[in-house]
Structure formats: structure tokens, C-alpha cells
Amino acid sequence: MGTDRQHPLSRLWRLRRADCRRCPHHHWLRLSRAGDTASIDDHSAPYALAQRGKFAPADPRQPRYAHAYHFDAVLYARYLRGLAEGWGVTRVEGRVVDVPLDPQTGHIRSLVLADGQVVDGEFFIDCTGFAAELIGKRLDTPYVDWSHWLPCDSAIAVPSARHDAPAPFTRSTALAAGWQWRIPLQHREGNGIVYASAHMADAAAEAALLGSLGGAPLANPRRFRFTAGRREAFWRRNCVALGFASGFLEPLESTGIQLIQNGVGRLIEFFPDRHFDPRLAAEYNRVCQVEWDRIRDFIIAHYCVSQRAEPMWQAARAMVLPDTLRHKLETWQASGKLPLLDGESYMEPSWVAILLGNGFLPQRHDPLAERLPLDMVRAHMDRRREDLVRLGRSAPDHRFYLDRHCRAAA
């Protein structure tokens, strides 16, 4: 005869298994408030590998972390160019001096080059960088300025010689008026500094960058100015903007290639016929706008939760945030939970790393974390920490993995 009653140990076991699958920061918060001193880093699989210079793809049967790739952007672009030309794409080089529009539809009809060539077309992709020759200058698509949220407006980049084994991670280092990056590649390092010119002079930024290189510089530093933001529309009439022509977000989370790749993928999905139905462009723009806005919020979060005392960082803590980010941070403060919205590029572990890493602790943790005895939680978290130590020790060195699986040509 059936019954709804359950043995309490059976119920406790199911709770324990469910809790163990959850992001561990709620349990860590509970333990730290009970006096435990272990760092949240000790419960991170990527940290266990990175601090020891180790790397191996996660076991798909028991995934504990994801990984990304370090690309040489110049070599990657060269590879894509060769691929496209092999498929029949014709490359025509020249400087655009005029962009005639159809007088009836307002669509771009052709490109006139400085040498007199005329390139006719039905559909155009604007990849002209910050100049935005088509989407901006000719089609007058407004630019949405985010510099009141993201004050950095300058960057300097320089490659340098390798001086040791490449680390399995990109290093981003906060500075008084911005931040600095170091990207390890097999044959060189990519280095750069992003800063707010209102708080740091160009000469000081260049000196800080060159003074921190691990190896000798391989080229002269390149400086450029930018305004953080995006186009009001990415697809207008018969033109789609990709890359810097569509907008710019400082590379704090290396989103440049991601945004280009996703833009291309959506263009394939919504590719028009000769009717150019505006509803396709509207949906393309909506999805792209959401993606850009979510990444914007994540980058702003790096600034507004920092505890640094310099004027730029103080101003970031005092600014009025976008509603979507304000809602996310207020929910986090109230419960330790993070509401993920449509089009998010960064999931809960990434947000938790930024918030807890900056000491932005919530006022409370998830009440469900209280449903297990404290000793049981402590034992589980101790086992997790020990398991990650074993993972870090047993994984192959990053250099060994590269040499064995994807060693670069000399």
C-alpha cells in the first residue's frame, strides 16, 4: 500500500546531492561567517590549474571548468582570409572615397575607390573599424556613448619576446587609472594598457606598459583612442556593421572575436533576400543589442565593486548604474543569488568570481544552504578542496600540453 511518508535520511541524502551540485559560494559564505578561513579560490578548478601552470581539457563526463583559447589575431585573420579566398571570395583593396546611395530606398548602391574603381553590391558589411565609413558616416546610424559608465578612453599595445613558458591564462592587472593585460602566446606575448586619459597622461601610461614587459618589445607601441559604446543599430538598410565599426568595449573580457563571430552567425541566420524585410533587421538588432548590453554590465561590474582608493575607481563606485546591472547587484546583496537575463555571455561562476574577488559580499546567503548540518557542509567543502589540489598536481604542465597537441611552427 502506497504512502507519502519518507524516511528522513532518504530526504537528507537527496538534499545533500542537490546541494553539492550547486555553485559552492553559498556554502562558502556560510562557513566563512562561522569562522572558517579558507579562500573561495581554493574551491575553483581553474584556479587550481592556473596557479600551478597546468592545463588539460575538462573531462566531458565530469566537467568542472571550461576553457578558451589565446589567438594571435593577425595570424587568425590571415587564416580566415585564405579560407575565404579559397572559397571564391575576390579581394579588392583600395580607399573608399564615395558611397553612392539609391535615391529611392536609401540603400548603398556601390563603393567608389580612390583609384576610380567602382564596387557594386546588393549587401555590404562595414568592417572599416572606428571610422565606420558605411554604417556611421554614410547611413548616419547614431552611436550610443557609454563613456559615463566606462571612463577608459585610451589604449596602448605592444608585443614582446617570450621570456618564459607561456602561462595558461591571460593576466589582467588593475592600475590607478585603468588596467593592463598580458596575453601569452607560444612565440611572443601580447601586452597592453587601457586607461582613462583624464586620470593618466599618455606618456605615463606608455612608461608603465614598457616598464612591465617580461621580454624585449618587438615593435613600437601603438596608441589609439576610443569611446566605449555601440551603434544604435548594427543592421541598417542593406548594411551590417561588424568589429569596431559596430562599437567598442575595452578588452577586459576579450569579447572582440566573440562579438564578431556571433554577429556573423546571426547574419547567416537572418540573411535577407532582395526584399530586405525590415523585420529581419529588427530582430538581428534586438539580439545584438541585448548581447552588447549584458557584456557592458559585466565590464562595469569590474569597476563599480572595486575597493581601490584612486579617483577613477571612487567615481566608478559612485556612478548611477544601468538598471539591469543595478537589479543584478541588489539581488546579489540581498540573497547571494544572481538573476541571469536573456543574452548573457557570462554565467554565475564568472559573476561570483568578480564580486567575491573584490570583496563585494552579499548580506545573506541562500537559506537552502542552512538545510544541511554545518559539519556536513564543512566536510563536503574540505573534500572538494582536497580534490582540486589533486587535480592541480596531476594535470600536465601547460607547456607539455602545447608541445604535445598544438605546438606552433617556429
Side-chain angles (χ1 to χ4, degrees), residues 67-96 111 113-114 117 119 121 123-137 154-162 166 169-170 172 181-194 209 215 217-226 228 230-231 234-235 239-269 271 284 288 291-292 295 345 402 405-410:
H67 67 274
Y69 297 98
H70 286 147
F71 280 125
D72 183 310
V74 174
L75 295 180
Y76 185 51
R78 190 181 303 164
Y79 166 77
L80 293 179
R81 171 183 169 180
L83 208 60
E85 291 177 340
W87 288 338
V89 172
T90 301
R91 181 182 180 88
V92 179
E93 293 198 29
R95 181 171 60 87
V96 176
L111 307 179
L113 305 184
Q117 289 188 82
V119 181
F123 193 77
F124 294 83
I125 299 176
D126 189 343
C127 299
T128 60
F130 291 129
E133 296 285 352
L134 308 185
I135 197 79
K137 291 181 180 177
S154 305
I156 304 173
V158 63
S160 65
R162 283 232 53 82
F169 55 86
T170 291
S172 299
W181 80 77
R182 177 176 291 179
I183 302 174
L185 301 172
Q186 293 190 54
H187 56 292
R188 65 174 177 83
E189 282 189 340
N191 308 274
I193 184 170
V194 176
L209 174 62
L218 300 178
N220 292 324
R222 293 181 296 110
R223 180 185 300 122
F224 60 93
R225 295 272 194 254
F226 60 86
R230 60 164 173 78
R231 291 288 155 191
F234 300 87
W235 180 343
C239 177
V240 163
L242 293 174
F244 293 169
S246 63
F248 185 82
L249 286 168
E250 58 191 83
L252 189 52
E253 290 293 336
S254 302
T255 51
I257 292 178
Q258 169 196 336
L259 290 167
I260 294 172
Q261 184 71 25
N262 289 350
V264 170
R266 292 189 191 108
L267 177 57
I268 294 171
E269 181 180 357
F271 204 82
Y284 179 94
C288 288
E291 179 182 39
W292 276 74
I295 295 173
S345 293
L402 292 175
H405 297 282
C406 50
R407 185 171 186 173

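A quick note: this is a predicted structure, and the numbers were derived from the prediction, not measured.
Remark: R91 CZ to E85 CD distance equals 6.5 Å, nearest 0.5 Å. Here the NE2-CG distance, from H187 to L75, works out to 5.0 Å after rounding to the nearest 0.5 Å. If you take CG on L267 and CG on N262, they are separated by 12.5 Å, rounding to the nearest 0.5 Å. A distance of 11.5 Å separates CD1 of I125 from CD1 of I135, quoted to the nearest 0.5 Å. Remark: E189 CD to W181 CH2 distance equals 13.0 Å, nearest 0.5 Å. With rounding to the nearest 0.5 angstrom, the CD1 atom of I295 is 5.0 Å from the OG1 atom of T255.
Side-chain contact between N220 and V158 is absent, with no heavy-atom pair separated by less than 4.5 Å. Residues L209 and N191 meet the side-chain proximity criterion, which asks for heavy atoms closer than 4.5 Å. Proximity of W292 to S246: side-chain heavy atoms (C-beta onward) are separated by under 4.5 Å at one or more points. The closest side-chain heavy-atom distance from S154 to R223 is not below 4.5 Å. Here the side chains of L111 and E133 are not in contact, with every heavy-atom distance at 4.5 Å or above.
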Quiz item: Do L113 and V119 pass the side chain to side chain contact (heavy atoms under 4.5 Å, CB included) test, and can you show the C-alpha distance, the side-chain angles, and the key distance before you say yes or no?
Solution: CA-CA 8 Å; L113 305 184; V119 181; 4.2 Å; yes

Quiz prompt | Chi angles and distances behind the side chain to side chain contact (heavy atoms under 4.5 Å, CB included) call for D126, L242 | solution = CA-CA 6 Å; D126 189 343; L242 293 174; over 6 Å; no

Practice problem: Take H70 and T170, measure what side chain to side chain contact (heavy atoms under 4.5 Å, CB included) needs, and give me the verdict at the end. | Solution: CA-CA 8 Å; H70 286 147; T170 291; 2.7 Å; yes

Self-check item: Pair L259-R230, side chain to side chain contact (heavy atoms under 4.5 Å, CB included): steps then yes or no
Solution: CA-CA 12 Å; L259 290 167; R230 60 164 173 78; over 6 Å; no

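By the neighbour-count criterion of 12 heavy atoms within 6.0 Å, atom CZ of R95 is sparsely surrounded, having that number or fewer from other residues, nucleotides or ligands. No more than 12 heavy atoms of other residues, nucleotides or ligands sit less than 6.0 Å from atom CD of Q261. By the neighbour-count criterion of 12 heavy atoms within 6.0 Å, atom CZ of F224 is densely surrounded, having more than that number from other residues, nucleotides or ligands.
Taking the six-membered ring for Trp and the full ring otherwise, F234 and Y284 have centroids separated by 6.0 Å or more. Ring pair F226/F244: centre-to-centre distance not below 6.0 Å.
Considering only residues two or more places apart in sequence or on other chains, F71 meets the ring pair (Phe, Tyr, Trp, His ring centres under 6.0 Å) condition with Y76. With sequence neighbours excluded, no residue forms a side chain to side chain donor-acceptor pair (under 3.5 Å) with R222.
Of the possible donor and acceptor atoms, none in the side chain of R162 sits under 3.5 Å from a partner among the backbone N and O of G215.
Of all the heavy atoms in R266 and C288, the pair that sits closest is NH1-SG, 3.6 Å. Between L185 and P166 the shortest heavy-atom distance is O-CB, 4.0 Å. Of all heavy-atom pairs spanning F248 and P251, the tightest one is CZ-CD, 4.3 Å. Heavy atoms only, all atoms of each residue included: A132 and R231 are closest at CB-NH2, 3.3 Å. Between Q258 and S345, the shortest heavy-atom contact is NE2-OG, 2.8 Å.
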